[in-house]
Amino acid sequence: MLFSELVEFYEKIEAITGRIEMTNLLVELLRRTPPEIIDKVVYLTIGEIYPPFIGLELGVADKLALRAVKLASGMSEKEISQAYSKLGDVGLVGEKMLMKRTQATLFMEQLTVEDVYSALEKIARASGEGAMEMKVQILSGLLASSQPKEAKYILRIVTGKMRLGVADMTILDALSIVFGGGKETREIFERAYNLSSDIGYVAKIAALEGIEGVKKFKITIGKPIRPMLAERLSSAEEILQKLDGKCIAEYKYDGERMQIHKKNNDVWIFSRRLENITWQYPDVVEMVRTNIVADEAILECECVAVNPDTGDMLPFQELMHRKRKYDIHKMIEQYPVNLYFFDALYVNGEDLTVKPLLERRKMLESIVKIDDKVKISKAIISSDPREVEKFFNEAIEAGCEGLVVKSIGPESIYRAGARGWLWIKLKRSYK
DNA sequence: CCTGATGCGTC
DNA sequence: GTCGGAC
DNA sequence: GTCCGACGACGCATCAGG
């Protein structure tokens, strides 16, 4: 597939604002895409090259991209930086500079999607001495073989800012139309995405196996699940109204969210954006091994730094010292952590994401061995706004950010994203 | 060996 | 993480 | 209500270059 064909779609999509029309264009694009590269086309369309848990980054943002533009176009530093401050978009700068480029562009081979993708992979893999030079060289080589419009989108992909108005949810809509036969099948695709966190893989399975393949996705220990998010409101009263008058209100701890997978003695830790951060927290791995009493589990907790002498919770910034590659064991001493578990998604073969919250929490209580470092989030069940306000003040007093107030009705399943107002944040700054 | 520029991931 | 625009 | 993109503070890693 020619990259220019992809670019034509991007141009059309960028020119419109309505999501229905965008989706229709994506549908046409996906229909025309060979199944073997549909995953790549999907990643590129949302400005990525891999799913997040792969942990490989391009290491190129605006500044390095502009250096590549300079090399490929032969324009002066001054002209490029002027264009950049005027346009504010590396893609547009590249397009403009290549239109004026000094080198001859005759007899250029046409770029394919695979050409672009494999060059981007090379950029991602370059590391060590001379890596920056290498990244810039590869990128400028790519730009030198591009038409201006192609360059525009190569640069936008590299910097991760496609500005098309298309992200994962719009891709899912398009996939359900192309491979499911209509929007009614959207939920099937969304579930596959939620359980795999890999939209390119969903597209590939859909293209190769059809919707039957997409239906087969299931929870796999070691593969991150897309996290459930919370909406926000500024008073307990509004929140309770939204939640049909009753709720469970939990402390919102000031730390880092972790999705923890356990299979016998193996443990994986995923961040909120689904990066694998297991290696950063060997102490947490040990805590999970000894305090989670289940052969298989996928649980969520907040990891909070504590004062090593008093055990008091410390603010988020202190935990940031733990987000490092070196001196990990020294920092474990200096910034030990507590875990506050708040959800159970999967335990011993049972998918709990479709169960109501209180059932999940009950499961949590049955498998978490509580001690001074490993706990279950502090919570009350209430239907009284004043009681919730009082609990909120206690949370602040204890060093928390506020509360996450959650639905406890039969509809209170684990639902990825922030849809449905099942979880609602109450924080001090909104007051 | 140190420092600044750059990129990235957390909230 | 917050905010606001577009539908 | 949903989705998307623009934005900020902070700390760490990497690399280039003095």
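Lettering follows sequence order; numbering is per chain, from 1.
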- Message: Below 4.0 angstrom, which residues in residues 171-188 of chain A have at least one non-hydrogen atom near DNA chain D?
- Response: A/R186

- Query: Closest nucleotide of DNA chain B for A/E302 versus for A/L58: which of these residues is on the 5' side?
  - Reply: A/L58

Under 3.5 Å, which donor-acceptor pairs link side chains of residues 240-248 of chain A to any protein atom two or more places apart or in another chain?
none

- Note on the structure: Residue pairs meeting ring pair (Phe, Tyr, Trp, His ring centres under 6.0 Å), one or both in residues 148-203 of chain A, sequence neighbours left out, come to A/Y10-A/Y153, A/Y201-A/F217

- Taken to the nearest 0.5 Å, the spacing of A/W423 CH2 from A/F342 CZ works out to 5.0 Å

- Task: Decide if atom CD of A/E237 counts as having more than 12 heavy atoms of other residues, nucleotides or ligands within a radius under 6.0 Å.
- Result: no

- To the nearest Å, give me how far apart CG (A/L26) and P (D/dC4) are. 10 Å

- Note on the structure: Whole-Å distance, A/F270 CZ to B/dT10 C1', equals 17 Å

- Option among A/E95, A/E14, A/E5 that satisfies the salt bridge (charged side-chain N to carboxylate O under 4.0 Å, His left out) test with A/K149: A/E95

- Message: Counting C-beta onward and ignoring hydrogens, is there a side-chain heavy-atom pair between A/F3 and A/E114 closer than 4.5 Å?
- Response: no

- Between A/S127 and A/K161, which has a closest nucleotide on DNA chain D that is more 5'? A/K161

- Does OP1 or OP2 of C/dA6 have a side-chain N or O of A/T17 closer than 4.0 Å? no

- Query: If you draw a 6.0 Å radius around NZ in A/K223, do more than 12 non-hydrogen atoms from other residues or ligands fall strictly inside?
  - Reply: no

- Residue-level proximity of residues 272-283 of chain A to DNA chain B when a heavy atom falls under 4.0 Å: A/R272, A/R273, A/E275

- Query: Does the pair A/E300/A/R257 count as a salt bridge with the N-to-O cut at 4.0 Å?
  - Reply: yes

- Starting from P on B/dT10, measure out to CD1 on A/I269 and report it in whole angstrom. 13 Å

- Does a sphere of radius 6.0 Å around CD in A/E21 hold more than 12 heavy atoms from other residues, nucleotides or ligands, not counting ones at 6.0 Å or beyond? no

- What integer distance in Å separates A/E231:CD from D/dG1:P? 8 Å

Interface polar pairs with nucleotides 3-6 of chain B, N/O, under 3.5 angstrom:
none

- Verify the neighbour count for atom CD of A/E187: are there more than 12 heavy atoms of other residues, nucleotides or ligands below 6.0 Å? no

- Task: Tell me which residues in residues 238-249 of chain A put a heavy atom below 4.0 Å from DNA chain D, sorted by number, or none.
- Result: A/K242

- Message: Ring-plane angle category for A/F270 and A/H261, please: parallel below 30°, perpendicular beyond 60°, tilted otherwise.
- Response: perpendicular

- Message: Please check if the number of heavy atoms outside A/M320 that lie under 6.0 Å from its CE is greater than 12.
- Response: yes

- Mind checking whether A/M258 and A/Y281 have side chains closer than 4.5 Å, heavy atoms only? yes

